[in-house]
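Below: one structure, written as structure tokens.
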Amino acid sequence: MRLSRRQFSIAAGAAALGGFQGTVSAQDGTIVLGQSAPFTGPAAQLGIQFYQGAKLLFDQNNALPGARRVEIKFLDDGYEPDRCVANTRKLIDDDVFALFGYIGTPTSLAALPLAVKDKVPFIAPFTGAMSLREPFQRNVFHLRASYNDETALIVKQLTHLGLAKIAVFYQNDAYGKAGLDGVTLALAQQNLKPVAQATVERNSVDVAAAVKALVAARPDAVVQISAYKSCAAFIREARKAGYGGTFYNVSFVGTQALADELGKDGAGVVVSQVVPSPYNSANAITREFSEAVRKAGAGNINYSSLEGYLAAKVLAEGLRRAPGRGVSRDGLIAGLESIEHQQFGGFDVSFSARNHVASKFVELSMITGDGRIRV
């Protein structure tokens, strides 16, 4: 199940050339989902891991007698909005049934107008930005809590510990600004402001200026709103510069990817999470996911792959609930909207005709010096 970036690049090229024709194949009734995500570049592990988890669930369901087959046609956008737009146009032109598992705020925001215009369901983007949730769109469904929810918990934790001097290191795009807005809002509710702010460009690890600016402010903690490579680069360089404070990240960073990048330097780094821990067997969804990975002969268990698995599980449930004997986009929307306070292995999902955000679940985790993640 774990593919190298080169293998993913080859597979993505083959999928793009071969294609999947039609919303539902006339031959076998296969439902084809379209995904534009980074499978190469500095954010590649997020796309790879989410896809792996989703494919695991769909493969598992596809093997059931009488099951309606679901496949994912994925295209690499390198976490770049322009490439994502081109991919989305191609997927819509190829008449995919729905768009699923897009990775990132700037890319999802670029694709959203196309999905809305053509009334294509846009399901489970890997982003917590409020700009994708407001205004409400009938064809857009979110699995995860928002960045406002994540940053509110981070700020609550920091101020509870008596740490009020909080700086923000953020990606200079819609994602970073969404996280900055969340931190600023949470601090304002306690009559506080960020003591310093600094940016990094998307898909860059040029953090020297940001390190200089934030270390000089001597914050108690730095909240990071960026991808794993730039966040890891900032942590290493800030510590080299003598900074001894704490680092907090939101879930989009990709916890396992960040831990892998940092190695022993990851000790003590905190990450907020929007799905239960994939390492805690007390969670029913973790036991189910781990067993599915074991049966598939795979070994890639992490937060991002579990989120992909959960997103696919919810979509499959929406298809199961879709009214009528056939399948349609409106039927999928109706099926998803009928999911109200349903437990998916202990993870509560609730939609309605006016609420398309499934969950507000958030908890904090910490990376250890040996690369493990503890809740």
Side-chain angles (χ1 to χ4, degrees), residues 33-37 50 77 79-82 84-89 91-92 96-153 170-186 188-189 202 225 250-252 272 274 307 310-311 314-315 318 321-322 328-341 348-362:
L33 307 177
Q35 182 187 26
S36 179
F50 187 100
D77 60 34
Y79 193 35
E80 290 292 352
D82 289 347
C84 182
V85 167
N87 288 349
T88 303
R89 287 198 178 106
L91 291 168
I92 291 174
V96 296
F97 183 73
L99 300 173
F100 170 78
Y102 275 44
I103 305 294
T105 302
T107 44
S108 295
L109 275 176
L112 185 64
L114 302 177
V116 171
K117 175 179 175 291
D118 288 326
K119 299 181 181 179
V120 181
F122 191 79
I123 299 171
F126 193 85
T127 167
M130 295 306 297
S131 52
L132 284 151
R133 297 152 189 255
E134 298 174 355
F136 174 86
Q137 300 288 353
R138 180 174 177 268
N139 63 312
V140 181
F141 289 82
H142 299 273
L143 176 69
R144 53 173 28 233
S146 72
Y147 292 142
N148 283 10
D149 295 324
E150 292 190 63
T151 52
L153 181 61
Y170 66 99
Q171 196 164 282
N172 187 25
D173 62 8
Y175 159 50
K177 289 169 185 173
L180 173 64
D181 288 346
V183 175
T184 303
L185 177 64
Q189 291 171 350
R202 182 177 56 251
I225 317 289
V250 295
S251 59
F252 181 82
S272 56
V274 294
E307 184 168 344
L310 267 169
V314 171
L315 191 151
R321 289 167 171 254
S328 69
R329 289 167 173 168
D330 281 342
L332 172 60
I333 290 171
L336 289 170
E337 288 181 342
S338 74
I339 300 173
E340 184 175 358
H341 294 298
D348 187 72
V349 171
S350 190
F351 291 122
S352 72
R354 295 304 302 171
N355 171 42
H356 286 185
V357 178
S359 170
K360 291 179 72 68
F361 173 89
V362 185

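Just so you know, these numbers come straight off a predicted model, no measurement behind them.
Cation-pi geometry between R202 and Y175 is not satisfied (NZ or CZ under 6.0 Å from the ring centre, within 45° of the ring normal).
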Got a list of side-chain donor-acceptor pairs under 3.5 Å for residues 134-141, not counting sequence neighbours?
residue : atom : partner : partner atom : Å
R138    : NH1  : D330    : OD1          : 3.2
N139    : ND2  : A115    : O            : 3.3
N139    : ND2  : V120    : O            : 2.7

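Under the 4.5 Å side-chain criterion, counting only non-hydrogen atoms from C-beta, L91 is not in contact with L33.
Each of V274, T105, I103 was checked for a side-chain contact (heavy atoms from CB on, under 4.5 Å) with F252, and the lone residue meeting it is I103. Under the side-chain contact (heavy atoms from CB on, under 4.5 Å) test applied with F351, the options V314, I333, L143 reduce to a single match, V314.
What you find for A178 and Y147 is that their closest heavy atoms are CB-CD1, 4.1 Å. The shortest non-hydrogen separation linking N148 to G182 is OD1-CA, 3.5 Å. Considering all non-hydrogen atoms of both residues, A98 and I123 come closest at CB-CD1, 4.4 Å. The shortest non-hydrogen separation linking A186 to A152 is CB-CA, 3.9 Å. The two residues A322 and G331 have their closest heavy-atom pair at CB-O, 3.3 Å. Among all heavy-atom pairs drawn from G318 and L332, the shortest one is C-CD1, 3.9 Å.
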- Let me see the working for S146 and D149 under side-chain hydrogen bond (donor to acceptor under 3.5 Å, both in side chains), right down to the final yes or no. CA-CA 5 Å; S146 72; D149 295 324; 3.1 Å; yes
- Query: Please walk me through it: do T107 and D77 pass side-chain hydrogen bond (donor to acceptor under 3.5 Å, both in side chains)?
  - Reply: CA-CA 8 Å; T107 44; D77 60 34; 4.9 Å; no
- Going through the checks in order, is the side-chain hydrogen bond (donor to acceptor under 3.5 Å, both in side chains) test met by T127 and Y102? CA-CA 8 Å; T127 167; Y102 275 44; over 6 Å; no
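Interatomic distance, OG1 of T151 versus CG of L180, reported as 9.5 Å (0.5 Å rounding). Separating the CZ atom in R133 from the NE2 atom in H356 is a distance of 13.0 Å, to the nearest 0.5 Å. Atoms CZ and OG, from F126 and S108 in turn, are 10.5 Å apart once rounded to the nearest 0.5 Å. The distance from atom CG of D173 to atom CG of L109, rounded to the nearest 0.5 Å, is 9.5 Å. Expressed to the nearest 0.5 Å, how far NZ of K177 lies from OH of Y170 amounts to 6.5 Å. We find the CG-OG1 distance between L114 and T88 to be 6.0 Å, quoted to the nearest 0.5 Å.
The main-chain N or O of H341 is found under 3.5 Å from a side-chain atom of S350 such that the two form a donor-acceptor pair. One N or O on the side chain of H142 and one on the backbone of L132 form a donor-acceptor pair closer than 3.5 Å. Judged by distance alone, the side chain of R329 and the main-chain N or O of F97 form a donor-acceptor pair under 3.5 Å.
In this pair, F50 and F100 present their aromatic rings tilted. The plane angle is within the 30 to 60° band.
E150 has a carboxylate O that lies under 4.0 Å from a charged side-chain N of R144, or vice versa, which qualifies the two as a salt bridge.
Heavy-atom contacts from other residues, nucleotides or ligands closer than 6.0 Å to CG of D82 number 12 or fewer.
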